[in-house]
S.K.: 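Please read through the structure below; I'll follow up with questions.
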Amino acid sequence: MYDWFMYFIIFWAIVMLVAMGIGGFFMFRKFLKIMPMGDGKSKLDWQNYWVESSRHMWTDESKAFLAELVSPVPTPFRDIASHSIAARIGQVAIESGAKEVTRDHCIEGYIRATPKRDYKSLVAFLNKKQIDYKRYEHLINK
(Lines give C-alpha, C1' and ligand atoms only; values in the text may rest on other atoms or scores of the structure.)
Protein backbone atom coordinates (compact mmCIF):
# COMPACT_ATOMS: atom_id res chain seq x y z
CA MET A 1 0.00 0.00 0.00
CA TYR A 2 2.83 2.42 0.80
CA ASP A 3 4.95 1.40 -2.21
CA TRP A 4 3.28 3.85 -4.60
CA PHE A 5 3.63 6.67 -2.08
CA MET A 6 7.33 5.89 -1.65
CA TYR A 7 7.87 6.00 -5.43
CA PHE A 8 5.92 9.26 -5.59
CA ILE A 9 8.18 10.84 -2.94
CA ILE A 10 11.34 9.57 -4.68
CA PHE A 11 10.10 10.92 -8.03
CA TRP A 12 9.47 14.40 -6.61
CA ALA A 13 12.79 14.37 -4.76
CA ILE A 14 14.57 13.71 -8.06
CA VAL A 15 12.55 16.42 -9.82
CA MET A 16 13.43 18.92 -7.09
CA LEU A 17 17.14 18.05 -7.20
CA VAL A 18 17.22 18.46 -10.98
CA ALA A 19 15.39 21.81 -10.79
CA MET A 20 17.73 23.06 -8.07
CA GLY A 21 20.75 21.94 -10.10
CA ILE A 22 19.58 23.78 -13.21
CA GLY A 23 18.78 26.93 -11.23
CA GLY A 24 22.11 26.76 -9.44
CA PHE A 25 23.95 26.46 -12.74
CA PHE A 26 22.38 29.65 -14.09
CA MET A 27 22.90 31.52 -10.83
CA PHE A 28 26.58 30.50 -10.82
CA ARG A 29 26.97 31.78 -14.40
CA LYS A 30 25.45 35.11 -13.36
CA PHE A 31 27.81 35.21 -10.37
CA LEU A 32 30.81 34.74 -12.67
CA LYS A 33 29.68 37.72 -14.78
CA ILE A 34 29.86 40.09 -11.81
CA MET A 35 33.33 38.97 -10.70
CA PRO A 36 36.01 41.58 -11.53
CA MET A 37 38.42 40.72 -14.33
CA GLY A 38 42.09 41.68 -14.51
CA ASP A 39 41.29 45.35 -15.17
CA GLY A 40 39.08 45.61 -12.07
CA LYS A 41 35.79 45.77 -13.97
CA SER A 42 33.36 42.90 -14.37
CA LYS A 43 31.77 41.76 -17.62
CA LEU A 44 28.53 43.48 -16.57
CA ASP A 45 30.41 46.71 -15.81
CA TRP A 46 31.84 46.71 -19.32
CA GLN A 47 28.41 46.00 -20.83
CA ASN A 48 26.91 48.92 -18.94
CA TYR A 49 29.81 51.14 -20.00
CA TRP A 50 29.36 50.38 -23.71
CA VAL A 51 25.56 50.78 -23.53
CA GLU A 52 25.82 54.15 -21.77
CA SER A 53 28.63 55.38 -24.01
CA SER A 54 26.69 54.59 -27.17
CA ARG A 55 23.18 55.56 -25.99
CA HIS A 56 23.20 58.83 -27.96
CA MET A 57 24.21 57.01 -31.15
CA TRP A 58 21.11 54.79 -31.42
CA THR A 59 18.46 55.76 -33.96
CA ASP A 60 14.89 54.51 -34.06
CA GLU A 61 15.82 52.34 -37.06
CA SER A 62 18.77 50.71 -35.26
CA LYS A 63 16.64 50.10 -32.13
CA ALA A 64 13.96 48.43 -34.27
CA PHE A 65 16.62 46.30 -35.98
CA LEU A 66 18.02 45.26 -32.58
CA ALA A 67 14.51 44.21 -31.52
CA GLU A 68 14.26 42.13 -34.71
CA LEU A 69 17.64 40.50 -34.04
CA VAL A 70 16.71 39.44 -30.49
CA SER A 71 13.26 38.17 -31.51
CA PRO A 72 14.29 34.47 -31.51
CA VAL A 73 15.41 34.71 -27.86
CA PRO A 74 12.76 33.39 -25.45
CA THR A 75 10.77 36.23 -23.86
CA PRO A 76 12.05 35.81 -20.26
CA PHE A 77 15.66 36.22 -21.45
CA ARG A 78 15.09 38.82 -24.19
CA ASP A 79 15.91 41.89 -22.06
CA ILE A 80 19.21 40.44 -20.88
CA ALA A 81 20.13 39.32 -24.40
CA SER A 82 19.16 42.70 -25.82
CA HIS A 83 21.37 44.49 -23.28
CA SER A 84 24.43 42.34 -23.94
CA ILE A 85 23.99 42.53 -27.72
CA ALA A 86 23.43 46.31 -27.55
CA ALA A 87 26.65 46.60 -25.54
CA ARG A 88 28.62 44.75 -28.21
CA ILE A 89 26.97 46.78 -30.99
CA GLY A 90 27.80 50.00 -29.13
CA GLN A 91 31.39 48.87 -28.71
CA VAL A 92 31.68 48.12 -32.43
CA ALA A 93 30.17 51.50 -33.36
CA ILE A 94 32.36 53.50 -30.96
CA GLU A 95 35.56 51.69 -31.93
CA SER A 96 34.82 52.32 -35.61
CA GLY A 97 34.44 56.06 -34.91
CA ALA A 98 30.86 56.24 -36.19
CA LYS A 99 28.45 59.04 -35.33
CA GLU A 100 25.45 56.73 -35.14
CA VAL A 101 24.70 53.00 -34.94
CA THR A 102 24.01 51.61 -38.40
CA ARG A 103 22.58 48.34 -39.65
CA ASP A 104 26.12 47.10 -40.37
CA HIS A 105 27.18 47.81 -36.79
CA CYS A 106 24.12 45.88 -35.59
CA ILE A 107 24.94 42.85 -37.73
CA GLU A 108 28.61 42.79 -36.74
CA GLY A 109 27.84 43.35 -33.05
CA TYR A 110 25.14 40.67 -33.14
CA ILE A 111 27.58 38.14 -34.60
CA ARG A 112 30.32 39.10 -32.12
CA ALA A 113 27.91 38.89 -29.16
CA THR A 114 26.63 35.45 -30.13
CA PRO A 115 28.47 32.50 -28.52
CA LYS A 116 30.17 30.11 -30.95
CA ARG A 117 27.86 27.27 -29.92
CA ASP A 118 24.91 29.25 -31.32
CA TYR A 119 26.41 30.08 -34.73
CA LYS A 120 24.32 27.43 -36.48
CA SER A 121 21.05 28.98 -35.29
CA LEU A 122 22.48 32.48 -35.89
CA VAL A 123 23.16 31.71 -39.54
CA ALA A 124 19.74 30.05 -39.92
CA PHE A 125 18.05 33.13 -38.42
CA LEU A 126 19.98 35.58 -40.62
CA ASN A 127 19.16 33.53 -43.72
CA LYS A 128 15.49 33.25 -42.73
CA LYS A 129 15.24 37.04 -42.29
CA GLN A 130 17.25 37.54 -45.51
CA ILE A 131 19.85 39.66 -43.74
CA ASP A 132 23.08 39.96 -45.72
CA TYR A 133 25.96 38.99 -43.44
CA LYS A 134 28.55 38.11 -46.11
CA ARG A 135 30.86 40.98 -45.01
CA TYR A 136 31.11 39.36 -41.56
CA GLU A 137 31.27 35.71 -42.55
CA HIS A 138 34.90 35.62 -41.44
CA LEU A 139 33.72 36.22 -37.85
CA ILE A 140 31.49 33.15 -38.01
CA ASN A 141 34.09 30.90 -39.62
CA LYS A 142 36.79 31.50 -36.97
Side-chain angles (χ1 to χ4, degrees), residues 3-142:
D3 285 343
W4 67 270
F5 187 71
M6 184 69 130
Y7 291 128
F8 180 76
I9 296 295
I10 291 172
F11 170 75
W12 278 110
I14 291 171
V15 168
M16 290 300 293
L17 286 173
V18 168
M20 288 174 29
I22 291 170
F25 170 74
F26 285 106
M27 287 183 70
F28 185 69
R29 284 183 57 201
K30 186 72 170 182
F31 173 74
L32 289 178
K33 278 184 139 183
I34 63 170
M35 293 296 294
M37 295 187 295
D39 60 3
K41 287 188 174 184
S42 69
K43 188 173 180 177
L44 285 178
D45 290 338
W46 278 112
Q47 284 181 359
N48 291 335
Y49 170 79
W50 290 116
V51 167
E52 290 302 319
S53 297
S54 66
R55 188 173 300 279
H56 67 281
M57 300 170 67
W58 287 85
T59 62
D60 290 338
E61 181 184 322
S62 58
K63 289 177 187 175
F65 190 56
L66 174 63
E68 181 182 346
L69 291 175
V70 297
S71 64
V73 177
T75 308
F77 308 110
R78 198 168 289 161
D79 287 342
I80 296 167
S82 178
H83 186 266
S84 62
I85 292 170
R88 187 53 75 109
I89 291 170
Q91 180 182 3
V92 167
I94 289 171
E95 288 177 351
S96 70
K99 296 202 185 309
E100 69 179 29
V101 174
T102 64
R103 190 175 176 95
D104 284 338
H105 294 134
C106 289
I107 294 169
E108 182 179 354
Y110 180 61
I111 291 170
R112 289 183 184 272
T114 303
K116 289 182 182 180
R117 68 179 179 271
D118 296 336
Y119 280 171
K120 193 174 189 177
S121 59
L122 166 90
V123 169
F125 174 73
L126 292 175
N127 287 333
K128 177 183 165 192
K129 292 288 188 174
Q130 297 176 343
I131 297 172
D132 183 25
Y133 62 94
K134 298 299 181 208
R135 280 180 58 184
Y136 309 105
E137 215 164 18
H138 66 282
L139 298 173
I140 296 171
N141 295 329
K142 279 186 178 179

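Starting from 1, each residue takes its place in the sequence as its number. Quick caveat, the model's predicted, so the values are computed rather than measured. Values below: every heavy atom of this structure, side chains too, minus hydrogens, waters and symmetry copies.
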S.K.: Does Y49 have its ring centroid less than 6.0 Å away from the ring centroid of W46?
M.R.: yes
S.K.: More than 12 heavy atoms of other residues, nucleotides or ligands under 6.0 Å from CG of D60: is that the case?
M.R.: no
S.K.: Any chance you could measure E108, atom CD, to Q91, atom CD, to the nearest 0.5 Å?
M.R.: 10.0 Å
S.K.: Kindly determine whether L126 and Y110 satisfy side chain to side chain contact (heavy atoms under 4.5 Å, CB included), including the steps that lead there.
M.R.: CA-CA 10 Å; L126 292 175; Y110 180 61; 4.2 Å; yes
S.K.: Output every pair passing side-chain hydrogen bond (donor to acceptor under 3.5 Å, both in side chains) with a member in residues 68-85, not counting sequence neighbours, ordered by first then second residue.
M.R.: N48-H83
S.K.: Given the rule in the side chain to side chain contact (heavy atoms under 4.5 Å, CB included) test, do I85 and R88 qualify, once you have shown the distances and angles that lead to the verdict?
M.R.: CA-CA 5 Å; I85 292 170; R88 187 53 75 109; 5.8 Å; no
S.K.: Output the distance between atom CG (L122) and atom CG (N127), rounded to the nearest 0.5 Å.
M.R.: 9.0 Å
S.K.: As an exercise, state the distance from CG of D45 to CG of D39, rounded to the nearest 0.5 Å.
M.R.: 9.0 Å
S.K.: Give the C-alpha distance, both sets of side-chain angles, the deciding distance and a yes or no for side chain to side chain contact (heavy atoms under 4.5 Å, CB included) between I131 and L69.
M.R.: CA-CA 10 Å; I131 297 172; L69 291 175; 4.1 Å; yes
S.K.: Identify the two heavy atoms, one from V101 and one from A93, that lie closest to each other, and give their separation to 0.1 Å.
M.R.: CG2-CB, 4.0 Å
S.K.: Test side chain to side chain contact (heavy atoms under 4.5 Å, CB included) on Y133 and E137 and set out the steps.
M.R.: CA-CA 6 Å; Y133 62 94; E137 215 164 18; 4.1 Å; yes
S.K.: With a 6.0 Å cut-off (strictly less than), is the heavy-atom count around CE of M37, excluding the residue itself, greater than 12?
M.R.: yes
S.K.: Using the salt bridge (charged side-chain N to carboxylate O under 4.0 Å, His left out) criterion, which residues pair with K99? Sequence neighbours excluded.
M.R.: none
S.K.: Any idea which heavy atoms bring L66 and A86 closest together, and the distance?
M.R.: CD2-CB, 3.9 Å
S.K.: Kindly compute the distance separating CH2 (W50) from CD (E95), expressed to the nearest 0.5 Å.
M.R.: 4.5 Å
S.K.: For R135, check salt bridge (charged side-chain N to carboxylate O under 4.0 Å, His left out) against everything at least two apart and list the hits.
M.R.: D104
S.K.: Which heavy atom of G109 sits nearest a heavy atom of V92, and at what distance?
M.R.: CA-CG2, 4.1 Å
S.K.: Would you compute the distance between atom CZ of R103 and atom CD of E61 and round it to the nearest 0.5 angstrom?
M.R.: 7.0 Å
S.K.: Spell out, as yes or no, whether a donor-acceptor pair under 3.5 Å connects the side chain of S54 to the backbone of M57.
M.R.: no
S.K.: Output the distance between atom CD1 (I111) and atom CD1 (I89), rounded to the nearest 0.5 Å.
M.R.: 10.5 Å
S.K.: Parallel, tilted or perpendicular, judged at 30° and 60°: which one describes the rings of W12 and F8?
M.R.: perpendicular
